[in-house]
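Read the structure below first, then the notes.
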Amino acid sequence: MRSAPVILHLDLDAFFTAVEQLHKPSLRGKPVVVGGVGGRGVVATASYEARVFGIRSAMPTAEARRRCPNAAYLYPRFPAYRDCSLAVMALVREVTPLVEQVSIDEAYLDLTPTHPGAGADEVAAVAEGLRARIRATTGLTASIGAGTSKLVAKIHSDLAKPDGLALVPAGEEAARLAPMSVRAIPGVGPATAARLAVHGVGTVGRLAELGADEAVRLLGRAHGTQLHAFALGLDEREVVTERAAKSVSAETTFDVDVTDRVRLGRHLRELAERVGERLRKDGLSGRTVVLKVRRHDFSTLTRSTTLDQPTDDVALVVQHAGRLLAGLDVADGLRLLGVGVSGLSLYTQPDLLDGLLDAPEPPVRAAAGDEGGEEFVRPDAGGGAASQIAGEAEPEVTLAEGPAPAGTPTWRAGQDVTHAEHGAGWVQGSGVGRVTVRFEGPHTEVGRIRTFAADDPALAPAEPPVWHAQAEAEAGPG
DNA sequence: TCTGGGGTCCTAGGACCC
DNA sequence: TCTGGGGTCCTAGGACCC
């Protein structure tokens, strides 16, 4: 446990509706609801003016309309929210590089790197400074919780809302948490709260008194252990800057239940196309295809099948998901259809791979700076990268300007990661100043390049300079 | 009131292997 | 020949979060 409250949790207040009110002054001071506006829509965010009427997130929009017919009901504009989020997160990263963005409107910060030895007063000043800059540059208000752990920071950003700061001095965690409802703990939802209530546990303090063994008996091994530790104010989770995606999915709820298999098939293809698009954009492929359906009675089923090889091929996803769907009874109607891919790995493109492996070695020139004209990075110039693999493995590869060898796959401008592993291969792109080469596991075949969407002309670099790099490395000892 | 869409993590049983 | 136990993978479902 840290000895000072250097972990912050920042949460933008009523984010979606705040952006709408920012962009449209006539909405300011008025009840605004952002969410699904169709017959089966639910509320994503209600402005504070709308919350006065009892409107809450996840409430059916129909119910919200009953409570406040005069509110503005808006369909979400995610691109606008993403832009605002990027602006805020840029300010956040000026405070510390140790930022874990957990959603479009939330992030944890660890101030240790930039404010070593900071006490509560300094942390409070940093947090207030950040809140002020967010307001001044974006017009949005943020609430911040500060404590010695993610848990305490998270719980207190909620208590600070709206537009506030709540800081818990080191040593006061358990006492602060004890009187709170167990529902204040992240991970305690309706089901867990109900199970605890049966045993007379309603507060965090009572959960702490219960003891770890009893908590495990009631809630299962993982959940029980974790929640009991939380109840004592114990939380050793680190702030981590990057987490790899584990699945990609798309789903849709129909306005009216669907029984027609032809229509379902069309929706299935659309959903698979969305999944495929995202897989390729992120340079991923997955081995398990998952079909999800929700029936007329709201019961949910999933069916999955695991392939021999990871794929991002829409046709293949459609084929397997379609087979899974064919095995289900849809006579009573489906209200939701979803398709997903899990078991993700960094993407390989077999045809490109073959071409590359069969192709003659690309010309190797002097390392950057040695000669005029085209400059390629010499494979051994990346030797530093290879030597880092055995460690934690995100070596950077220097880029050189100039044309890359024929057949070199392209990554999308602005996409900050390309992948090569355990071998050499060329990559190129534009608009990005550096390439990070990421290595997975000790297991992959030599010579594989994992990347890109080279077959998509829309992704080809339009503007010079065109960069290329040779990513070169060897397997570490594992 | 009648329940979105995108995710994560956990549990449990069965298959399979050693 | 029969039996046991542990580990891993796969599948399905459920709780939870924003």
Side-chain angles (χ1 to χ4, degrees), chain A residues 9-16 33-46 53-68 75-76 78 81-82 85 101-108 150 154-155 157-158 182-196 216 219-227 237 240 243-255 257 271 274-275 278 282 286-308 320 324 327-328 335-344:
Chain A
H9 181 257
L10 175 138
D11 200 335
L12 295 166
D13 300 323
F15 180 51
F16 293 177
V33 176
V34 170
V37 292
R40 287 172 166 176
V42 299
V43 173
T45 309
F53 295 88
I55 299 175
R56 296 285 181 272
S57 293
M59 174 183 282
T61 304
E63 167 67 7
R65 283 188 197 275
R66 244 164 268 141
R67 292 177 185 241
C68 184
Y75 194 78
F78 287 106
Y81 309 150
R82 202 150 35 228
S85 174
Q101 189 174 344
V102 285
S103 73
I104 195 166
D105 65 347
E106 259 184 71
Y108 289 100
K150 284 179 158 184
K154 165 87 178 158
I155 289 175
S157 69
D158 239 17
V182 290
R183 285 300 308 271
I185 300 177
V188 178
T192 303
R195 197 172 293 185
L196 289 171
V216 166
L219 306 175
R221 176 146 195 84
H223 213 204
T225 307
Q226 166 120 100
L227 292 182
R237 292 171 302 161
V240 293
R243 269 184 297 183
K246 300 249 179 353
S247 66
V248 172
S249 65
E251 63 188 54
T252 187
T253 293
F254 308 119
D255 285 337
D257 294 354
L271 294 165
R274 273 157 57 190
V275 169
R278 295 233 309 281
D282 295 338
R287 208 158 77 81
T288 301
V289 175
V290 185
L291 177 81
K292 174 178 173 181
V293 304
R294 182 118 72 207
R295 296 188 288 199
H296 64 102
D297 62 355
F298 212 73
S299 60
T300 305
L301 303 180
T302 62
R303 293 291 180 268
S304 65
T305 183
T306 298
L307 318 177
D308 290 341
H320 287 282
L324 296 170
L328 295 176
R335 66 176 288 145
L336 174 147
L337 184 66
V339 177
V341 166
S342 64
L344 299 183

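These values consider heavy atoms only, across backbone and side chains, with no hydrogens, waters or symmetry-generated copies. Each chain gets a letter, A, B and so on, in the order its sequence line appears, and its residues count up from 1.
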Rounding to a whole Å, what distance do you find between [X]:[atom1] and [N]:[atom2]?
{"X": "A:Y75", "N": "B:dG4", "atom1": "OH", "atom2": "C1'", "value": "9 Å"}
{"X": "A:M59", "N": "B:dC2", "atom1": "CE", "atom2": "C1'", "value": "12 Å"}
{"X": "A:Y81", "N": "B:dG6", "atom1": "OH", "atom2": "P", "value": "16 Å"}
{"X": "A:K150", "N": "C:dC17", "atom1": "NZ", "atom2": "P", "value": "15 Å"}
{"X": "A:Q226", "N": "B:dT11", "atom1": "CD", "atom2": "C1'", "value": "16 Å"}
{"X": "A:R335", "N": "B:dT3", "atom1": "CZ", "atom2": "C1'", "value": "6 Å"}
{"X": "A:I185", "N": "B:dC9", "atom1": "CD1", "atom2": "C1'", "value": "17 Å"}
{"X": "A:L12", "N": "C:dC18", "atom1": "CG", "atom2": "C1'", "value": "12 Å"}

Rounded to the nearest 0.5 Å, what's the gap from [atom1] on [X] to [atom2] on [Y]? Could you check?
{"X": "A:D105", "Y": "A:T45", "atom1": "CG", "atom2": "OG1", "value": "7.5 Å"}
{"X": "A:R294", "Y": "A:T300", "atom1": "CZ", "atom2": "OG1", "value": "4.0 Å"}
{"X": "A:Q101", "Y": "A:S85", "atom1": "CD", "atom2": "OG", "value": "4.5 Å"}
{"X": "A:T252", "Y": "A:R335", "atom1": "OG1", "atom2": "CZ", "value": "11.5 Å"}

If only side-chain N and O atoms of [X] are considered, is one of them under 4.0 Å from the OP1 or OP2 phosphate oxygen of [N]?
{"X": "A:S57", "N": "C:dC18", "value": "no"}
{"X": "A:K154", "N": "C:dC18", "value": "yes"}
{"X": "A:R243", "N": "B:dC9", "value": "no"}
{"X": "A:R274", "N": "B:dG6", "value": "yes"}
{"X": "A:R183", "N": "C:dC16", "value": "no"}
{"X": "A:S247", "N": "B:dG6", "value": "no"}
{"X": "A:R294", "N": "B:dG5", "value": "no"}
{"X": "A:R287", "N": "C:dC10", "value": "yes"}

Exercise for review: With DNA chain B as reference, determine whether A:A222 or A:K292 sits nearer its 5' end, using the nearest nucleotide of each.
Suggested key: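 The residue whose closest nucleotide sits nearer the 5' end is A:K292.
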Practice item. Nearest-nucleotide wise, let me know which of A:R66 and A:F254 is further upstream toward the 5' end of DNA chain B. Key: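 Result: A:R66.
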Check your understanding: For the side chain of A:S304 and the backbone of A:V289, is there at least one donor-acceptor N/O pair under 3.5 Å apart?
Key ->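 No.
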Review point. Is the backbone N or O of A:V216 less than 3.5 Å from a side-chain atom of A:R221, with the two atoms forming a donor-acceptor pair by type?
Key: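 It does not hold such a pair.
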Once you apply a heavy-atom cut-off of 4.0 Å, does [X] come out as touching a base, just sugar-phosphate, or nothing?
{"X": "A:G36", "result": "nothing"}
{"X": "A:V43", "result": "nothing"}
{"X": "A:V102", "result": "nothing"}
{"X": "A:A64", "result": "nothing"}
{"X": "A:A44", "result": "nothing"}

Point to revise | Stem segments of DNA chain C by first residue number [Watson-Crick or G-U, under 3.5 Å, at least 3] | key: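 Stems (3+ consecutive pairs) listed as B:5-18 with C:5-18.
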Check your understanding: Does anything in residues 295-308 of chain A reach DNA chain C, meaning a heavy atom under 4.0 Å, and if so which residues?
Key ->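 DNA chain C contact set from residues 295-308 of chain A: A:L301, A:T302, A:R303, A:S304, A:T305, A:T306.
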Can you identify which nucleotide, out of [options], has its nearest atom closest to the [X] side chain?
{"X": "A:R221", "options": "B:dT11, C:dC18, B:dG4", "result": "B:dT11"}
{"X": "A:E106", "options": "B:dT3, C:dC18, C:dA15", "result": "C:dC18"}
{"X": "A:L336", "options": "B:dG4, B:dG6, B:dG5", "result": "B:dG5"}

Check your understanding: In terms of the angle between their ring planes, are A:Y81 and A:F16 parallel, tilted or perpendicular, with boundaries placed at 30° and 60°?
Key ->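 Rings of A:Y81 and A:F16: parallel, under 30°.
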Review point. Just wondering, are more than 12 heavy atoms of other shown residues or ligands nearer than 6.0 Å to CZ in A:R237?
Key: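 Yes, CZ of A:R237 has more than 12 neighbouring heavy atoms, counting only those of other groups under 6.0 Å.
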Check your understanding: Under the ring-ring contact (aromatic ring centres under 6.0 Å, His included) test, which residues partner A:H320, sequence neighbours left out?
Key ->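 For A:H320, no residue satisfies ring-ring contact (aromatic ring centres under 6.0 Å, His included) once neighbours in sequence are set aside.
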Check your understanding: Looking at A:L324 and A:L291, what are the two nearest heavy atoms and their distance?
Key ->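 Smallest heavy-atom distance, with atoms named: C-CD2, 3.8 Å.
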**Study point:** Atom of A:G338, atom of A:L336 and distance for their closest heavy-atom approach
**Key:**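 Smallest heavy-atom distance, with atoms named: N-CD2, 4.0 Å.
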